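One structure is given below, encoded as structure tokens.
Just so it is clear, the model here is predicted, and its values are computed rather than measured.
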Amino acid sequence: MAEAHSAVAFSFSITHEGWDVNFDREVLHLVWNSGVRSWKKRLARFKNNLKSGLYPATVHSLWATVAVVAGCHFSGLKVPYLKEIIEIMPDDSGRYQLISCAGLGLAGWLGVTYTIRYALKLLFMYKGWMYEERGPGRKISTRTKLWLLAVKVLSGPSKPMLYSFQGSLPRLPLPSVSETMRRYMRSVRPLLDDNNYNRMEKLAKEFENGIAVKLQRYLILKSWWSTNYVSDWWEEYVYLRGRSPLVVNSNFYGIDTVLMFHTSNQAARAATVIHTVLQYRRLIERQELEPIMLQGIVPLCSWQYERMFNTARVPGPETDKIVHYSDSKHIVVYHRGRYYRVLIYYKHRILLPCEIEIQMQQILDDKSEPVEGEEKVAALTGSDRTTWANLRQEHFFRGINRQSLDAIEKAAFFVVLDTIPYEFDEKDPSKLDHFGRNLLHGNGADRWFDKSMTLCIGTNGRIGFNAEHSWADAAVMSHLWEFTCSEEASYKWYAPDGHTLGTPEFKPPTPTRLQWDFKPSCLAAIDKSFMSVQSIINDVDLRIYMHTNYGKGFMKTCHLSPDAYIQMALQLAYYRNAGKFSLTYEASMTRLYREGRTETVRPCSIESSAWVKAMNDKTKTTSEKVALLQKACKQHQLAYQDAMCGKGIDRHLFCLYVVSKYLEVDSPFLKEVLSEPWRLSTSQTPHGQTSKLDLKKFPKCISAGGGFGPVADDGYGVSYIVAGEDLLFFHISSKKSCPDTDSSKFALDIEKALDDIRTLFLDYKKQSKK
């Protein structure tokens, strides 16, 4: 009752003496400040949106334009169209003449501004620069030089904001069906024998000359009408309509900078990382985060950053939805089966690390026990989506459970103060494997898988994250993670004793326990979900391989793209592991276009398979093998460039399939293509996305990357990061239940393939010298 009473900010009653009014001034003061802060943020957001919408022009240039028009007019110079504007005014007094000058100046300024923005959009449609070879001795074509000059001139001297280029980014182009069919048939040639290839070729021709004509017409209309003809359907049908559990199947993870160790104090490390992430959130809110620019001049779409924070994926019976809140003043922290609401703002500012450390330590020191069911309630977010949606409606629709669920879903992000250490030891690889497994799924009930992001802190101060996938792609989370790691390395955050530096300016708000009240039927459902999640995570076979023999440095001496080099090594390793070629998925991004997400590169090509076979053929000479590898890498790089430029295969076929379902027509070709399993699913973790990362000054300040679960039951999921000149990390996942896959064995195959390629080039260089 005391808690309920203290929650009342205002009350009144009527007595025989009149009105009796009671109110809590402190609470009303907090409410008032909250409202003021909210309106300030709305005003700031409006101003930033205005600046971004007018980029590259500035408000100062508007005043200058108006001043020039007015100066010319009052000095007697004739200004076009100004006389006609003055004539429609009530009179020709000086006041109305000035208003006319301001109106004409504004109209002219807006005309020039939007002409420049449209010109930039036309320039960004040019992709010839991407296909030109780069490096020492390579010449840039005159056409690209002129294009570079035009982009630089039109972009202006002003510093762009996060969303400044959104209105200037072109739409994702829609390829023709014939182009996609040609690329598709070429990509499956090494996977099919002659009979199956001829059968598939017949299906493709029937599709291209038949129903594809009608499907493409509808897709052309969508590409004209929508901002991006792929992204909304991709988000809905690939992610939100998926009914499988998020744990392992969808969510991915990222790991700490394992070569650096800041502090073993769990509360201090958690406080610093939380504070840094909140600073990043503020940069996004204020649009002060610098947009990523390829070659320092071509912007990538920043749309995905909008939902990084204050976001949750809410389950539904048939489809989920992504719910994003405009603001959040708290985070939710999980520790030892208990949930805490922690305020992160106080007196109009973000709490300092030393203040957040006090809050984290209070949670760690709390000896209270979780209520029945609380320790495992997060397992519901790891169960299949329909089950979770029904349970959410039944047991979390109202009352205390609803309030606690709202606190979690409306939090800026979720934090886990874990009860185990996250360990790394180069001499004991199994420790890094356990590190990755814990971030991927934890114990099945200590991660809120619906939240856009969960920060995890081990008892020894090491950190990582688990992220939900529907709201954005891994590259966006990698940007945040790189920012967080570089900020922590660049400044002195910790005292010699491991605690955060600084002195609290006030006593920070005390964390409050979230309350739960579970009925017996809900407790039974929680236990059932927990057992279901356990069966999923117990089937995960994760191996994180740290390759220290060489890295990007040696690959450069071979004059090959590092990504193509690694992809060819994976092709060789997989062929030796499985004894065959399989459909291979590599994620590339299409963020050169507005609201672009990803496209698929198919690394298993005619050229790559020819080289792989040659590596296992003793009759082939070293020169022949090198020539075949160079040809395979060149083809892979071309396929990657095509994918980035909207000339991919799989997203186009996917959208054609969606249209066919809407029209209720069946296509044997599309049905077979969309059902093909990706037995080797790969992705590279990008780095170097922030200018803050100085690897020369802090060579060990690089994350070990991250990973994801296998896409196919009988396949591998491989994520890799080129972590420096002499270091690579591979995150290899598979299922223990499959007798044909073994992540540790595949790691050895990758190691052997990388060594064989290096030996091949060393032998080739020796022969070239002779």
Side-chain angles (χ1 to χ4, degrees), residues 44-59 113-114 116-127 129-130 147-148 150-172 227-228 231 276-309 311 324 452-453 471-487 588-599 644-646 685-694:
R45 193 176 293 119
F46 172 79
K47 290 169 62 178
N48 288 334
N49 289 339
L50 186 64
K51 289 180 181 178
S52 295
L54 296 173
Y55 184 86
T58 63
V59 177
T113 297
Y114 280 95
I116 292 175
R117 287 171 66 85
Y118 190 75
L120 276 173
K121 180 179 285 191
L122 293 176
L123 288 170
F124 288 145
M125 292 174 69
Y126 172 70
K127 296 293 183 288
W129 61 273
M130 186 176 291
W147 171 80
L148 282 168
V151 171
K152 287 183 178 179
V153 170
L154 292 180
S155 295
S158 57
K159 183 180 177 181
M161 303 178 74
L162 179 61
Y163 303 127
S164 290
F165 287 105
Q166 291 300 99
S168 300
L169 290 174
R171 296 168 184 252
L172 182 69
T227 308
N228 188 297
S231 293
T276 306
V277 171
L278 290 172
Q279 295 288 343
Y280 189 86
R281 185 181 76 149
R282 188 166 65 178
L283 290 176
I284 293 176
E285 290 173 343
R286 296 180 177 180
Q287 298 189 32
E288 294 173 355
L289 185 69
E290 54 184 338
I292 298 175
M293 312 281 284
L294 295 186
Q295 307 297 315
I297 193 169
V298 185
L300 297 185
C301 177
S302 301
W303 161 68
Q304 296 181 53
Y305 289 85
E306 294 176 4
R307 300 181 295 183
M308 179 176 284
F309 299 99
T311 301
H324 172 71
S452 58
M453 174 180 56
W471 63 273
D473 300 308
V476 178
M477 274 302 300
S478 297
H479 191 183
L480 163 66
W481 205 237
E482 185 177 296
F483 175 90
T484 302
C485 294
S486 58
E487 280 285 302
S588 76
M589 59 90 176
T590 55
R591 288 169 59 197
L592 290 168
Y593 302 95
R594 192 168 182 179
E595 293 186 11
R597 290 200 61 162
T598 60
E599 178 57 274
M644 290 181 65
C645 295
T685 302
H687 69 89
Q689 298 186 85
T690 171
S691 58
K692 289 180 174 291
L693 183 61
D694 187 352

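Between Ser452 atom OG and Phe309 atom CZ the span is 7.5 Å, to the nearest 0.5 Å. Between the CZ atom of Arg597 and the OG1 atom of Thr590 there is a distance of 9.5 Å, given to the nearest 0.5 Å. Rounding to the nearest 0.5 Å places CG of Asn228 at 8.5 Å from SG of Cys301. To the nearest 0.5 Å, the span separating CE on Met130 from CD on Gln295 amounts to 8.5 Å. With values rounded to the nearest 0.5 angstrom, Lys159 atom NZ is found 8.0 Å from Glu288 atom CD. To the nearest 0.5 Å, the span separating CD1 on Ile116 from NZ on Lys121 amounts to 15.0 Å.
Across Phe165 and Ser155, no two heavy atoms sit closer than the pair CE2-OG, 4.3 Å. Taking each heavy atom of Pro170 and Leu592 in turn, the nearest pair found is CD-O, 3.8 Å. Here the closest non-hydrogen pair linking Pro291 and Ser302 is CB-OG, 4.2 Å. Closest non-hydrogen pair, His324 versus Arg307, comes out as ND1-CA, 3.9 Å. When all heavy atoms of Val277 and Thr484 are compared, the pair lying nearest together is CG2-OG1, 3.9 Å. Taking all atoms of both residues into account, the shortest heavy-atom contact from Leu169 to Pro299 is CD2-O, 3.8 Å.
Under the ring pair (Phe, Tyr, Trp, His ring centres under 6.0 Å) criterion, Phe483 pairs with Tyr280, not counting sequence neighbours. Residues that satisfy the side chain to side chain contact (heavy atoms under 4.5 Å, CB included) test with Ser168, not counting sequence neighbours, are Arg117, Leu120, Phe124. When the salt bridge (charged side-chain N to carboxylate O under 4.0 Å, His left out) test is applied to Arg594, no partner is found at least two apart in sequence or on another chain.
Side-chain atoms of Met589 and Asp473, non-hydrogen and from C-beta on, never get closer than 4.5 Å to each other. Side-chain contact check for Thr113 versus Tyr118: every heavy-atom pair is 4.5 Å or farther apart. The shortest side-chain heavy-atom distance between Val298 and Met293 does not fall under the 4.5 Å cut-off. Taking 4.5 Å as the limit, some side-chain heavy atom of Leu123 sits within range of a side-chain heavy atom of Trp147.
Remark: the backbone N or O of Arg591 is not paired with any side-chain donor or acceptor of Gln304 at under 3.5 angstrom. Judged by distance alone, with hydrogens and angles left aside, the side-chain atoms of Glu487 form no donor-acceptor pair with the main-chain N or O of Glu482 at under 3.5 Å. Remark: the backbone N or O of Glu595 is paired with a side-chain donor or acceptor of Ser231 at under 3.5 angstrom.
Between His479 and Tyr305, a ring centre-to-centre spacing shorter than 6.0 Å is recorded.
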Worksheet item: So Trp471 and Glu306, side-chain contact (heavy atoms from CB on, under 4.5 Å) or not? Walk me through it.
Response: CA-CA 9 Å; Trp471 63 273; Glu306 294 176 4; over 6 Å; no
Worksheet item: Given the rule in the side-chain contact (heavy atoms from CB on, under 4.5 Å) test, do Trp481 and Thr685 qualify, once you have shown the distances and angles that lead to the verdict?
Response: CA-CA 11 Å; Trp481 205 237; Thr685 302; over 6 Å; no
Discussion item. For a side-chain contact (heavy atoms from CB on, under 4.5 Å) check, start with the C-alpha distance between Leu480 and Met308, then their side-chain angles and the critical distance, and finish with the verdict.
Written reply: CA-CA 9 Å; Leu480 163 66; Met308 179 176 284; 4.0 Å; yes
Fill in: side-chain contact (heavy atoms from CB on, under 4.5 Å) assessment of Met644 paired with Leu294
CA-CA 12 Å; Met644 290 181 65; Leu294 295 186; 4.1 Å; yes
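Taking the centre and axis of the six-membered ring of Tyr593, the NZ or CZ atom of Lys127 falls inside the cone set by 45° and 6.0 Å.
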